Structure formats: C-alpha cells, structure tokens
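Presented below is the structure to which this report refers.
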Amino acid sequence: MPGSRKVFIKTFGCQMNVYDSERMIEALSPYGYASVDSPEDADLVVLNTCHIREKAAEKVYSELGRIRDIKEQRLTEGKKTQVAVAGCVAQAEGAEITKRAPVVDLVVGPQSYHRLPDLLFRAKTESRRLVDTAFPDEDKFANLPARDAGIKSNASNDAISRSAVSNASVQAAAFLTIQEGCDKFCTFCVVPYTRGMEFSRPVNELVKEAESLVRRGVSEITLLGQNVNAYHGQGLDGRQASLAQLIEILAKVEGIKRLRYTTSHANDMSDDLIEAHRVQEKLMPYLHLPFQAGADRILAAMNRKHTAQKYRDVVKKIRSARPDIALSTDIIVGFPGETEGEFQETLDLVSEIGFAQAFSFKYSARPGTPAATIADQVPDEVKSDRLARVQALLAKQQKTFNAHCVGRTFPVLFERSGRHEGQIVGRSPYLQLVHTNGDPGHLGHIVPVEISSANSHSLTGVIRAA
Ligand code: 5AD
Ligand code: SF4
C-alpha cells in the first residue's frame with residue numbers, strides 16, 4: 001500500500017550522504033514508505049550520519065536524544081517508531097551506538113543500506129536490535145531499485161540541500177555517485193575506514209541512472225566521489241574509462257545540460273580531465289580542489305603526496321585550459337605540529353590562488369587515524385584563532401568574486417521558489433545562488449539573468465530575454 005508508512009530522513013555531512021538518503025527513500029518506497037518533513041509524523045526515522053569531524057559525530061547523539069523524546073511521546077499515542085542510524089558514524093561505531101543510545105533499533109553502514117527494508121522487517125519481527133556494517137560482496141548499487149521517474153525525496157540536510165524538494169520546486173539538479181571510498185590515506189581522514197577502498201561504478205550503469213534522472217526533469221548532474229577524479233570504472237568497450245571519458249559520454253545524454261564533479265585530488269587532475277574543461281561546454285567552470293595546507297612539511301605529514309608548488313602548477317594548467325574557472329577548496333588549520341609560520345603559508349597560498357568559495361576546518365583528531373596519535377596537538381585556542389583568520393580572508397575573496405559578477409549575464413538553472421512572493425532561486429555556472437523575481441514556470445529551466453547586486457553568499461538579478 002504505497003504511502004501507508006512514513007519515513008523521515010535527516011542527512012548530515014557531505015553530498016554523498018544526500019545522494020545516499022535519496023537512494024534509501026527510493027529503496028523504501030516499494031514497501032509503502034513515503035517521506036515526511038518531521039520526525040513527529042514518522043513511523044521510521046533514519047539519521048544518515050557523518051564521522052568526518054568530532055562535532056559532526058556528536059551532533060548525531062544529541063539528535064538521538066530528541067528522537068528518543070519523540071518516540072516516547074508517539075508511544076503514548078499508541079504509535080510505534082523505528083529508529084535507524086545509517087552512514088559513516090554507523091560504520092565507525094557500530095554496536096557502540098545501540099549501547100550509548102538505546103532508542104536505536106538498527107545500525108546500517110554506507111555499504112549495506114540496500115538491505116534497509118529487509119533489516120527493518122527483521123528488527124521488527126525478531127524484536128531485536130540489528131547492526132549491519134559489513135562491506136558486503138554484493139554491489140549495493142546493483143541491488144537498489146532503478147531511479148524511476150516521479151519519485152521525489154525531501155531528504156533534509158543541515159548543510160547542503162541542493163536536491164531537496166520543497167513546495168514550489170522541481171528537481172532540476174541531482175547528485176550521482178560514480179565513485180566511492182578512498183585509497184589515499186591522508187593521515188587525518190576517516191573516509192578509508194568508513195567508506196572503504198576505492199570503487200568506481202561502470203559507465204553503462206551511470207548512463208542509465210543519468211537517463212532516469214533526466215526523465216524526472218533533472219538537467220544538471222553533479223558526479224560524486226570521495227576521490228572523484230580518480231574514477232576508473234569499466235567503460236562501454238569493457239576497458240577502463242577515465243573521468244574525462246565518462247564526462248564525454250554523459251555530455252551526450254539527451255537532456256543533460258550541465259555537469260559538475262566533486263571532490264577532486266590535485267594528483268589526479270590528469271591532462272585529459274583538464275582538457276575536458278577546455279572542450280566540454282557542459283562542464284561548468286567551477287572546480288572544488290582541496291589543498292588542505294600550504295606548508296610542504298604539513299602536506300607531507302598529512303600524506304597528501306603533493307607539494308604546494310604542485311598544487312600551484314595544477315591550478316595554472318586548469319586556468320590556462322579554462323580561464324574563467326572559479327575555484328573552491330578545503331583547508332584544515334591546526335594539524336598536529338603546525339607552527340604559526342606554516343599556517344602563514346596556508347594564508348599565502350589562499351592569497352595567491354584566490355578562491356570563489358572554500359570550506360575551512362579546525363583539525364579534529366579522529367580515532368583510528370594516524371594523525372590522532374601525533375603527540376604535538378595544537379591547542380584549541382590556537383586552532384580557533386587560525387580558523388578565524390583564514391575564514392576572514394576567504395570571506396573577503398568570496399565577496400570580491402561575487403562583486404565582480406555584477407553587470408554580467410549568467411545562465412541560471414532555476415530550482416525553487418524563494419522566501420518572498422514572486423521570487424525564484426537558481427544557480428549560476430559558478431554555483432552561486434541567484435535570486436530574481438520570476439514566473440515559477442521557469443523552474444527546471446536555464447534562463448539568462450543579468451546580475452544587479454551581490455552579497456557575500458548570493459546574487460540578485462533580473463531575467464533577460466533569451
Ligand atoms: N579534521 C578536520 N577536517 C577534516 N577534513 C577531513 N578530515 C578532517 C579532520 N580530521 C576536512 C578536509 C576534507 C573535508 C571533507 O573535511 O578538509 O577535504
Ligand atoms: Fe562524512 Fe566523509 Fe562520510 Fe561524507 S564520506 S558522511 S563527509 S565521513
């Protein structure tokens with residue numbers, strides 16, 4: 001009976017989790033689940049969690065406290081609630097979660113969520129708590145339902161909600177996971193432990209998924225992977241395909257108008273991929289390319305396997321292929337042993353490159369990672385001070401970048417209505433949010449917008465005749 005049960009999914013962390021949440025809803029849909037916006041209405045609550053930094057993981061436990069109260073309240077009304085923890089905290093902490101938070105019925109890792117309907121059924125009928133954090137032999141993607149037209153999710157996300165569907169919106173942009181896991185073992189990072197080793201999906205599967213997204217109305221696809229530019233899936237001819245080759249194939253899929261990919265590693269910015277930025281018009285002129293730290297000694301201690309100069313060289317090559325490209329990055333401050341002088345090198349690299357956007361974090365020691373055991377941890381006050389300084393510089397650069405957009409006309413893909421009556425909101429090629437007054441009929445379409453003003457995080461403009 002479709003729609004007879006209700007699921008609420010809250011998503012923490014990265015875009016891959018946003019994608020996974022959508023796939024979980026789709027996996028539950030044949031079993032009668034429809035997604036709802038609040039846990040109070042839900043027969044099933046799923047927290048899709050992030051383990052990347054301590055704060056991210058702690059958020060899950062405070063959220064579980066809130067869910068426990070809701071579950072108890074619902075029980076007084078005669079309603080039962082199942083609670084599942086999915087994602088990277090599930091993978092890293094497994095049965096610990098059920099000990100620390102007895103409200104949890106089910107723990108399911110990122111490689112097992114295709115088994116969610118079965119696990120929920122078993123947890124209910126066997127009246128016990130289940131933990132499934134295996135890295136199963138079967139391929140989860142092959143075991144998930146096809147991405148049928150018409151299924152919409154409203155997977156809520158505390159950081160990124162690009163494909164979240166609210167009232168007046170269409171799913172114009174979507175994520176597509178093409179690669180998962182990581183073999184690079186940066187010494188600060190949990191991903192190799194939570195998501196496992198690198199795995200690339202075959203091209204034919206990705207083409208099929210892209211086509212079904214287009215049937216839903218999607219015209220912009222962001223290809224996802226923890227190491228997306230290390231993609232090396234099986235090509236249509238049976239040989240290995242690179243990300244550049246995949247992009248070339250997807251650009252030919254009828255209905256796809258824009259492509260993006262994230263997150264990349266500087267060492268995997270191969271010449272054919274850089275060339276794709278020159279020749280593939282559908283590839284948007286925006287690239288997220290983390291450098292993490294500006295000092296070579298810290299980069300080596302992080303096991304990044306590149307120097308600051310190598311990063312500069314890669315950026316130079318990309319900019320000569322696509323001069324209007326905008327760059328974004330990730331930065332960690334206060335890695336163990338980082339001196340003031342070394343931090344200064346991070347500031348210098350930021351000043352030199354110039355970023356349109358960036359994410360910066362205080363180093364957070366993650367259990368089980370090599371850097372967590374380095375004796376020379378940087379005090380929290382020092383980390384906070386450095387974070388504030390790098391963020392001030394990045395904010396200035398973002399403001400300058402946005403200010404330079406005023407007077408230009410951008411093709412904007414409209415995705416939803418705005419907060420104010422008559423307003424619609426979309427994304428520029430540089431991923432900036434663009435607000436304008438316009439007909440909701442523009443939702444799902446790319447329309448030229450002349451930018452009239454800019455602020456730190458978004459642009460405002462006027463629709464121009466095509
Ligand atoms: N502490 C702080 N930031 C981290 N990141 C990954 N691991 C850590 C950690 N232990 C940041 C990196 C990465 C982004 C996704 O999160 O900058 O690129
Ligand atoms: Fe968090 Fe990384 Fe897992 Fe994404 S892959 S949920 S960022 S730990």
Side-chain angles (χ1 to χ4, degrees), residues 11-20 49-59 87-89 91-93 110 157-160 175 177 179-195 198 222 224-230 261-269 287-295 298-299 301-306 308 311 314 327-338 342-343 346 349-350 353 355 357-374 376-380 382-384 386-388 390-391 394:
T11 309
F12 299 84
C14 64
Q15 289 112 320
M16 193 169 289
N17 271 9
V18 177
Y19 173 88
D20 288 345
T49 62
C50 176
H51 201 241
I52 197 96
R53 284 169 292 276
E54 192 182 356
K55 254 195 194 162
E58 280 308 313
K59 268 193 205 166
C88 296
V89 175
Q91 188 63 44
E93 300 197 358
N157 178 271
D158 61 343
I160 305 145
F175 295 125
T177 293
Q179 179 276 332
E180 226 183 319
C182 180
D183 300 347
K184 293 214 160 44
F185 290 94
C186 296
T187 56
F188 52 79
C189 188
V190 287
V191 168
Y193 314 99
T194 56
R195 292 275 175 174
E198 253 183 37
T222 301
L224 296 181
Q226 270 96 17
N227 250 306
V228 75
N229 59 341
Y261 61 92
T262 195
T263 287
S264 295
H265 193 288
N267 287 357
D268 293 314
M269 282 310 300
L287 179 65
H288 183 63
L289 193 63
F291 74 83
Q292 313 296 0
I298 298 295
L299 286 169
M302 286 177 163
N303 194 31
R304 291 293 292 174
K305 300 196 182 83
H306 66 73
Y311 186 85
V314 170
L327 295 173
S328 143
T329 200
D330 288 342
I331 295 166
I332 297 177
V333 302
F335 185 82
E338 185 189 64
E342 285 164 339
F343 169 65
T346 294
L349 197 55
V350 170
I353 304 281
F355 293 97
Q357 217 208 321
F359 302 91
S360 45
F361 314 99
K362 289 198 259 187
Y363 169 73
S364 165
R366 307 310 293 126
T369 59
T373 60
I374 301 177
D376 195 7
Q377 299 286 323
V378 174
D380 193 56
V382 177
K383 288 195 244 185
S384 299
R386 290 181 188 167
L387 187 66
V390 79
Q391 288 188 339
L394 291 164

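Indexing begins at 1, ligand by ligand and atom by atom, following the structure's order. Heavy-atom basis, side chains included; hydrogens, waters and symmetry copies ignored. Bear in mind the structure is a predicted one, so any value in this text is a computation, not a measurement.
- A donor-acceptor pair is defined here as one N or O able to donate and one able to accept, closer than 3.5 Å; no such pair exists between the side chain of N227 and the backbone of C182.
- At least one side-chain heavy atom of C88 sits under 4.5 Å from a side-chain heavy atom of R195.
- Interface atoms of ligand 1 facing K362, defined by a heavy-atom separation under 4.0 Å, are 1 (N), 2 (C).
- Numbered from 1 in the order shown, with element, the atoms of ligand 1 that lie under 4.0 Å from a heavy atom of S364 read 1 (N), 2 (C), 9 (C), 10 (N).
- Residue contacts with ligand 1, taken as heavy atom pairs separated by less than 4.0 Å, involve F188 via backbone and side-chain atoms alike.
- Contacts between Q292 and ligand 1 below 4.0 angstrom, taking non-hydrogen atoms only, involve the side chain exclusively.
- Considering R53, H265, H288 only, the shortest heavy-atom separation from atom 5 (N) of ligand 1 involves R53.
- Close N/O approach between R366 and ligand 1 is not found [any backbone or side-chain N/O within under 3.5 Å].
- Looking only at atom types and distance, the side chain of Q391 has a donor-acceptor partner in the side chain of S360 under 3.5 Å away.
- The shortest N or O to N or O distance between D330 and ligand 1 is under 3.5 Å.
- Atom OH of Y311 is separated from atom CG of L299 by 11.0 Å, given to the nearest 0.5 angstrom.
- Close contacts of ligand 1 with Y363, meaning ligand atoms under 4.0 Å from a residue heavy atom, involve 1 (N), 2 (C).
- To the nearest 0.5 Å, atoms OG1 (T194) and CD (E93) are separated by 11.5 Å.
- When each of V350, L349, L289 is checked for a side-chain contact (heavy atoms from CB on, under 4.5 Å) with F355, only V350 meets the rule.
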